[in-house]
Amino acid sequence: MRTAACRGQQQQLWASRGAAAAGPRRAAAPPLRPPRRARPGPPAALAVDAAAAAAAAAAGLAPGLRPPVMINSCTGRMGHAAAEAMVRAGLQLVPFTLTGYSAGVAVSNIGVSGVPVELVGKERRQEAMDRVKERYPGLIVVDYTLPNCVNDNAEFYARNGVPFVMGTTGGDREKVVDAAQAAGVYAVVAPQMGKQVVAFQAMMDMMADSFPGVFSGYKLRAVESHRRGKPDVSGTAKAVVGSLKRMGVAEFKDSDIVKVRDREGQLRMAVPEEHLDGHAFHTYTLTSPDGSVEFVFKHNVVERTIYAEGTVDAVLFLAKKRTEGAKQRVYSMVDVLLEGSLR
Ligand SMILES: NC(=O)C1=CN([C@@H]2O[C@H](COP(=O)(O)OP(=O)(O)OC[C@H]3O[C@@H](n4cnc5c(N)ncnc54)[C@H](OP(=O)(O)O)[C@@H]3O)[C@@H](O)[C@H]2O)C=CC1
Ligand SMILES: O=C(O)C1=N[C@H](C(=O)O)C[C@H](O)C1
């Protein structure tokens, strides 16, 4: 659960970013301080230990195998939610996070569930990564940033030899996979981390394998709604549409997916007003050529807990693969699900 204090800090950060568009930001870059560890009191520590042991056991990990996790970026909505989930699960949150800003930042440190996390601007990311790798052996990185830096970030992690979970959508997906493969780093690359949605995605894929062309000639209408600022078309919708195309739907391009980002449109789709800033509604409607048959598949999610919890599973899965020295390096969330690694 995000505390009021954390929310306040993050809102202050977002507000300062908004202000930055209109004027210069504070110039002084914060020093790259040595990591500070959160010191929970005894009852919290016990609770965290129990959660960590349970999470590690669920992932089939030895009790000591709880990887430290660096999340980029804890300044974002999804990164922050994932970071909170890591802390809830008792994993060690690395107290540094990358940000897209290269100059000094108005807010240099944000809190995630009581862990102070220092913001690292782009120009110091290698310096920070060197320090983080040295101080946090067994590091795993999680990326929830933006489509325009997906490839640069994946190459950065690959170059540094750190396993990563790429939850960010967009960019050139093949290049993300290639970067990890070429460097031999373990990675989970998936536009969707929510267990039940991943199962739906897998089911559609299996249906396409078993019944290719079953919807031949059917017309598809795909509509997705996300928070106003999401720049790209839903990565999940693209994956599901890919399966539907294999089932034979009439000519359909990713650009035909209807992207709803306006408040009125979202309210018309029954997105609860309090979740306009955190929802993912998807509807796929298939209509037979003569209009006599209709199929509607729908998955509607509010908030981000479902993805945050799935991200913990992906991290534990990667830690396990690395320990086993698995030959396969790059995985999807469907692989994680098929292996029974989603708690
Ligand atoms: N796989 C899944 O299940 C899910 C995936 N997502 C995806 O996660 C991504 C993030 O979504 P959301 O959190 O809502 O977006 P936000 O805009 O809230 O967060 C994105 C963050 O990325 C940071 N950022 C931008 N550029 C860089 C960079 N070069 N290096 C490091 N950090 C950077 C920004 O930080 P700053 O302002 O400090 O630069 C910003 O805070 C999207 O692609 C979304 O679709 C979302 C939910 C679930
Ligand atoms: O940005 C989001 O919020 C989400 N993004 C992912 C996507 O694009 O598929 C997953 C989910 O829809 C939430």
Side-chain angles (χ1 to χ4, degrees), residues 10-11 13-18 20-21 25 70-83 85 96-103 105-108 110 117-125 128-129 141-157 165-171 173 176 188-198 200-201 222 224-241 254 257 259 261 271 275-282 299-314 332-333 336:
Q10 202 173 28
Q11 274 160 3
L13 176 70
W14 289 337
S16 76
R17 297 294 157 82
R25 309 164 76 230
M70 178 186 200
I71 303 211
N72 303 318
S73 178
C74 291
T75 61
R77 292 162 181 81
M78 190 54 225
H80 202 277
F96 292 105
T97 191
L98 302 184
T99 128
Y101 283 85
S102 53
V105 286
V107 175
S108 62
I110 59 165
V117 178
E118 187 175 328
L119 272 54
V120 177
K122 265 188 105 173
E123 75 288 358
R124 295 183 308 148
R125 72 176 182 175
M129 182 57 88
V141 174
V142 170
D143 192 291
Y144 281 112
T145 55
L146 291 173
N148 64 8
C149 60
V150 160
N151 292 105
D152 183 47
N153 285 3
E155 279 153 26
F156 176 67
Y157 306 140
V165 175
M166 180 55 76
T168 311
T169 54
R173 310 304 290 176
V176 173
V188 169
V189 182
Q192 176 59 247
M193 298 282 166
K195 177 176 177 171
Q196 290 75 14
V197 186
V198 174
F200 169 72
Q201 219 185 304
E224 57 92 345
S225 172
H226 287 78
R227 70 175 180 84
R228 191 162 55 109
K230 178 173 167 64
D232 57 333
V233 173
S234 161
T236 311
K238 286 190 205 165
V240 171
V241 162
D254 284 350
I257 299 170
K259 193 170 103 171
R261 298 288 181 270
V271 177
H275 294 300
L276 289 177
D277 194 48
H279 71 276
F281 277 33
H282 295 76
H299 49 97
N300 292 347
V301 175
V302 295
E303 301 183 348
R304 297 178 172 88
T305 314
I306 186 174
Y307 320 118
E309 292 300 327
T311 311
V312 173
D313 296 328
S332 69
M333 272 315 264
V336 181

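Numbering of ligands and ligand atoms starts at 1, following listing order.
For the side-chain contact (heavy atoms from CB on, under 4.5 Å) test with I71, the passing option among V165, D143, V142, T311 is V142; the others fail. For the side-chain contact (heavy atoms from CB on, under 4.5 Å) with H279, the qualifying choice from N300, V301, V302 is V302, the only one to do so.
For the pair C74 and I110, the minimum side-chain heavy-atom distance is below 4.5 Å. A 4.5 Å side-chain heavy-atom check between N72 and V141 finds at least one atom pair inside the cut-off. No side-chain heavy atom of M70 sits under 4.5 Å from any side-chain heavy atom of Y157. Put simply, the side chain of R228 does not reach to within 4.5 Å of the side chain of D277, judged on heavy atoms. Side chains of V240 and Q201 form a contact here, defined as non-hydrogen atoms less than 4.5 Å apart.
Scanning Y307, Y101, Y144 for the heavy atom closest to atom 8 (O) of ligand 1 points to Y144. Considering each of R77, M78, K230, M333, the one bringing a non-hydrogen atom nearest atom 46 (C) of ligand 1 is M78. Among A314, P191, G100, the residue whose heavy atom lies nearest to atom 2 (C) of ligand 1 is P191.
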Protein N/O near ligand 2 N/O, under 3.5 Å, which pairs?
residue, atom, partner, partner atom, Å
ligand 2, 8 (O), K230, NZ, 2.8
ligand 2, 8 (O), G235, N, 2.9
ligand 2, 9 (O), S234, OG, 3.2
ligand 2, 9 (O), G235, N, 3.1
ligand 2, 9 (O), T236, N, 2.8
ligand 2, 9 (O), T236, OG1, 2.5
ligand 2, 12 (O), H226, NE2, 2.7

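Here T145 has heavy atoms under 4.0 Å from ligand 1 in both its backbone and its side chain. At a heavy-atom distance under 4.0 Å, no atom of A280 approaches ligand 1. The proximity of R125 to ligand 1, defined as any non-hydrogen pair under 4.0 Å, does not occur for either the backbone or the side chain. At a 4.0 Å heavy-atom cut-off, ligand 1 does not touch S234 at all.
Using a 4.0 Å cut-off to heavy atoms of T99, the atoms of ligand 1 that qualify are 30 (N), 31 (C), 32 (N), 33 (C), 36 (P), 38 (O), 39 (O). Near C149, the atoms of ligand 1 lying under 4.0 angstrom from a non-hydrogen atom of the residue are 26 (N), 27 (C), 28 (C), 29 (N). Numbered from 1 in the order shown, with element, the atoms of ligand 1 that lie under 4.0 Å from a heavy atom of A190 read 1 (N).
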ask   = What's the verdict on side chain to side chain contact (heavy atoms under 4.5 Å, CB included) for R173 and V150, showing C-alpha distance, side-chain angles and the deciding distance?
value = CA-CA 9 Å; R173 310 304 290 176; V150 160; 4.2 Å; yes
query = Are R125 and D152 close enough, and set up right, to give a salt bridge (Lys or Arg N to Asp or Glu O under 4.0 Å), and what steps lead you there?
reply = CA-CA 12 Å; R125 72 176 182 175; D152 183 47; 3.2 Å; yes
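Under the rule for a side chain to side chain donor-acceptor pair (under 3.5 Å), Y307 has no partner lying at least two apart in sequence or in another chain.
For ligand 1, the polar-atom distance check finds no N/O of L146 at less than 3.5 Å from any of the ligand's N/O atoms. An N or O contact shorter than 3.5 Å links T75 to ligand 1 by distance. Close N/O approach between G79 and ligand 1 is not found [any backbone or side-chain N/O within under 3.5 Å]. Checking only distances, T169 does come within under 3.5 Å of ligand 1, N or O to N or O. Inclusion of K122 in the set of residues having an N or O under 3.5 Å from an N or O of ligand 1 is not warranted. By the 3.5 Å distance cut-off applied to N or O atoms, G194 is not counted among the residues near ligand 1. Considering backbone and side-chain atoms together, T168 places no N or O closer than 3.5 Å to any N or O of ligand 1. Of the N or O atoms in G167, one or more lie within a sub-3.5 Å distance of an N or O in ligand 1. Considering backbone and side-chain N/O of P147, none are found under 3.5 Å from N/O of ligand 1.
Between H299 and H282, the ring planes are parallel. Angles under 30° get that label, and only those over 60° would be called perpendicular.
Remark: the backbone N or O of H226 is not paired with any side-chain donor or acceptor of K259 at under 3.5 angstrom.
The pair K195-D313 does not meet the salt-bridge criterion, since no charged nitrogen lies less than 4.0 angstrom from a carboxylate oxygen. Ionic pairing of E224 and R261 is present here: one or more N-O contacts between side-chain nitrogen and carboxylate oxygen are shorter than 4.0 angstrom.
Contact detail for I306 and G194: the closest heavy-atom pair is CG1-CA, 3.4 Å. Nearest heavy atom pair, residue L98 against residue S73, reads O-OG, 2.7 Å.
Residue G170 places every heavy atom at 4.0 Å or more from ligand 1. Ligand 1 lies out of reach of H80, whose nearest heavy atom is not under 4.0 Å from it.
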